[in-house]
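Heads up: the structure comes next, in C-alpha cells.
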Amino acid sequence: MFDVDEFLAGPLTARVATAGPTVRPTWYLWEDRAFWILTGPWAKLAGLVREAPSIAVTVDVCDVGTGLVRQVLARGEAEVRPFDVPRGRRLLSRYLGSDEGKWDARFLSYLHDDPEAKGTVWLRMVPKRFVADDLGYRV
C-alpha cells in the first residue's frame, strides 16, 4: 500500500464526473478527508452539483517508464460551500508555486476579488466510497 494522503497532496489533476454524464479535469485540494474543488460561474460544475450532488472523482498517475501506476477512486455527495481565501491560496500554491508574483492574474483574482461578487465557490465532497490502488510494476 502507498501513502494515500501523500499521493493526494501532489499537484495532480482530478477528473470529476457529475450527472449527465459530464466529466471534467480539475485541480483539487485534499484536506480533512475531503476533496475541495474551486469553481464558479465560468463553469457549469456548481450548477450540476446543485441539481444532482452525487459525484465521482478519480486521481491517477501512470508512468510507463518507471512502472508507477496509482489510482484513487472516490464517490460521494458534493456540497457547494462559500469560498475562503486561505484554502484557495493552499490549492493554488500546489499547482502554481508559492511565489504569487509569478501567477497569472486570473488566479490572483480568486484571492483578491470579492468571491460573492465573482461567484467563486468550493465544491466539497467527503467520500462515501474510497478506493486507493497501487498497480505499479517493474520495468
Over 60° means perpendicular and under 30° means parallel, so classify the ring planes of Trp122 and Phe83, tilted if in between. parallel
Does any non-hydrogen side-chain atom of Trp36 lie less than 4.5 Å from one of Arg81? yes
Is any side-chain heavy atom of Val23 closer than 4.5 Å to one of Val16? no
CG-OG1 distance between Leu123 and Thr39, expressed to the nearest 0.5 angstrom: 5.5 Å
Examine distances only and state if a side-chain atom of Trp103 and a backbone atom of Ser93 form a donor-acceptor pair shorter than 3.5 Å. no
Give the minimum heavy-atom separation between Glu79 and Val49, together with the two atoms involved. N-CG1, 4.4 Å
Do any N or O atoms from the side chain of Asp104 and from the backbone of Arg106 form a donor-acceptor pair under 3.5 angstrom? yes
Side chains of Arg70 and Val72, heavy atoms from C-beta outward: is any pair under 4.5 Å? no
Can you check ring pair (Phe, Tyr, Trp, His ring centres under 6.0 Å) on Trp27 and Phe35, steps first, answer last? CA-CA 10 Å; Trp27 289 351; Phe35 287 95; over 10 Å; no
Between Thr120 and Pro41, the two heavy atoms sitting closest are N-CD, 4.4 Å
Residues in salt bridge (Lys or Arg N to Asp or Glu O under 4.0 Å) contact with Arg33, at least two apart in sequence or another chain: Asp5
Does Arg87 have more than 12 heavy atoms from other residues, nucleotides or ligands lying within 6.0 Å of its CZ? yes
Could you state the interatomic distance from CG (Leu29) to CZ (Arg124), rounded to the nearest 0.5 Å? 12.0 Å
Is a side-chain donor or acceptor of Tyr95 paired with a backbone partner of Leu12 at a separation under 3.5 angstrom? yes
Can you give me the closest heavy-atom contact between Gly88 and Leu111, atom names plus distance? C-CD2, 3.7 Å
Looking only at the side chains, is there a donor atom on one of Lys118 and Ser109 sitting less than 3.5 Å from an acceptor on the other? yes
For the residue pair Leu8 and Val59, establish whether any side-chain heavy-atom pair is separated by less than 4.5 Å. yes
So which heavy atom on Val139 is nearest to which on Gly67, and how close? CG1-N, 3.7 Å
Which of Lys128, Met125, Glu77 passes side chain to side chain contact (heavy atoms under 4.5 Å, CB included) with Ser54? Answer is Glu77
Do side-chain atoms of Thr66 reach the backbone of Leu68 as a donor and acceptor pair under 3.5 angstrom? yes
Any side-chain heavy atom of Thr22 sitting closer than 4.5 Å to one from Lys44? no
Quick check: do Tyr28 and Leu38 have side-chain heavy atoms less than 4.5 Å from each other? no
Donor-acceptor pair, side chain of Asp99 and main chain of Gly101, under 3.5 angstrom: yes
Aromatic rings Phe7 and Phe2: how do their planes relate, parallel, tilted or perpendicular, breaks at 30° and 60°? perpendicular
